[in-house]
Amino acid sequence: MTTADVLSPNTGGTTMPVKPPKRRIPGWLKGAIWGLLAVGVLAIASYATGVNTLTSTNTAHTALRLALPILLCALGGLWAERAGVINIGLEGMMILGTWGAAWGAYHGGVWAGLISAVVFGALGGLLHAVATVTFNVNHIVSGVAINLLGLGVAKYLANLVFTPLSGNPRQSPPVPKFDTYSATFLSDWLSDLEKMQRVFISDLAGILNGLITEVAPLTMIAIALVPISYLVLWRTRFGLRLRSCGENPVAAESLGVNVYLHKYVAMIISGGLAGMGGASLVLLAGGADYLENQTNNRGYIGLAAMIFGNWRPGGLLGGAALFGYADGLQLAGGGTAVLALLYGAVILLAVIVAVQLFRRQWIAAALGVVGAGALYAIYWTNDDLPSDLIPYTAHFVTLIVLAVASQRLRPPKADGALYRRGED
């Protein structure tokens, strides 16, 4: 922009404020475009490989259920890290939530179980806040300690409480589950479309049908928490102050913000959300009752989903959907479906390579070609994947996605920084 663009001739050459450029595409629309692109890639892969499981109703329904704990843990990480506290302890808080959900549901029903899970997770978040905010313990060290403590406390309580009831210290007695609801008036129509086997239309119908069939109230709450978190953190005075603690706590303190209070509130909310993620493993229909090691590192995957989403609610929703889909696909279709997913990844990489060539990013394009060639070689030389590797599909996807997305990340500036009140 030139000086003539800034100076106004009608005001005697005085400087006029320059309006920031408007975003051409709203964030929600960009997310919808990426979603449709993903469905298109899956549709092509399903048609080319003959594996309809990629976009079936059962796969989408299973993926939604498995994405919930990842989504809730990612939201917990978002609240903590936007306030400047790294929360590696999400896994431990989630473990506490699984035990609390089973204990509360057994004695008082599903809603009591949900509340109990949130309380147990929030206690873990409070402990992490005491260590990191009040005593200035290194955030990573405290988070690892919370994970170990959560695992140990859950084992002790399960042995103390569940052994007399179930006869098994590693498992709770049967607990009630949330009722589910389906949009029947849409489900029948979408089922008919899915059976027509039309490219993209039937695939989209299958995915949508899985998202509106047998939906639990906890699922609705978890999805609603995404826009609620955005509105609170980005559209309220409280959210602005909380995020300022993660960007520059010294400047925030100088403006009268109680940094300690906001960090404590963020950590309690973070732990409560992680505990709710644990409840989703216990209280949703189709899931198991409380089991030892039930979380299976989903707390870490939730943290990865938050990083993939660039510390934004909409982005972490996409990350949770991706990891939940990878986990649900291996359960619904096994190794054959995972191989078909590799074929879809080859198609996506081909699109990315074309874009990088258009931008003249030769190194990125070359790396994309190498990656696509390696994935296609795995697909071409195998009829199925080893059964020992299939359960780790979501973990492999996590590593690959973080490696690809690491160049565009922008965490809060003071994330993980040690802070003492009154210091410069």
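All values reported here derive from a predicted model rather than from experimental measurement. Quick note: numbers below take in every heavy atom, side chains included, and nothing from hydrogens, waters or symmetry partners.
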| field | Partners meeting side chain to side chain donor-acceptor pair (under 3.5 Å) with Ser229 (sequence neighbours left out) | value |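 Counting only residues at least two positions away or on another chain, Ser229 forms a side chain to side chain donor-acceptor pair (under 3.5 Å) with Trp79.
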| Partner set under side chain to side chain donor-acceptor pair (under 3.5 Å) for Glu247, not counting sequence neighbours |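 Glu247 satisfies side chain to side chain donor-acceptor pair (under 3.5 Å) with Arg410 only.
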With sequence neighbours excluded, residues passing side chain to side chain contact (heavy atoms under 4.5 Å, CB included) with [X]:
{"X": "Trp111", "answer": "Leu114, Phe178, Pro217, Ile221"}
{"X": "Ala122", "answer": "Ile268"}
{"X": "Pro174", "answer": "Asp289"}

| task | Please state whether the rings of Tyr260 and Tyr419 are parallel, tilted or perpendicular, taking 30° and 60° as the class boundaries. | result |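 Ring orientation of Tyr260 relative to Tyr419: perpendicular.
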| said: Tell me whether the rings of Tyr379 and Tyr376 are parallel (<30°), tilted (30 to 60°) or perpendicular (>60°). | reply: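 The arrangement is tilted - the two ring planes meet at 30° to 60°.
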| said: Let's go through Asn258 and Tyr264 carefully: what are the C-alpha distance in whole Å and the side-chain angles of both, what is the deciding distance for side chain to side chain donor-acceptor pair (under 3.5 Å) to 0.1 Å, and is it a yes or a no? | reply: CA-CA 10 Å; Asn258 190 332; Tyr264 263 88; over 6 Å; no
| said: Among Gln294, Met276, Met94, which residue satisfies the side chain to side chain contact (heavy atoms under 4.5 Å, CB included) criterion with Pro69? | reply: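 When side chain to side chain contact (heavy atoms under 4.5 Å, CB included) is applied between Pro69 and each of Gln294, Met276, Met94, only Met94 qualifies.
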| query | So which of Leu303, Ile140, Asn138 actually passes side chain to side chain contact (heavy atoms under 4.5 Å, CB included) with Ile86? | reply |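 Answer after filtering Leu303, Ile140, Asn138: Ile140.
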| said: If you compare all heavy atoms of Ala305 against all heavy atoms of Gly319, which two are closest, and at what distance to 0.1 Å? | reply: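 Closest approach of Ala305 to Gly319: CB-C, 3.9 Å.
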| task | With sequence neighbours excluded, tell me which residues meet ring-ring contact (aromatic ring centres under 6.0 Å, His included) with His262. | result |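 ring-ring contact (aromatic ring centres under 6.0 Å, His included) check on His262 returns Phe238.
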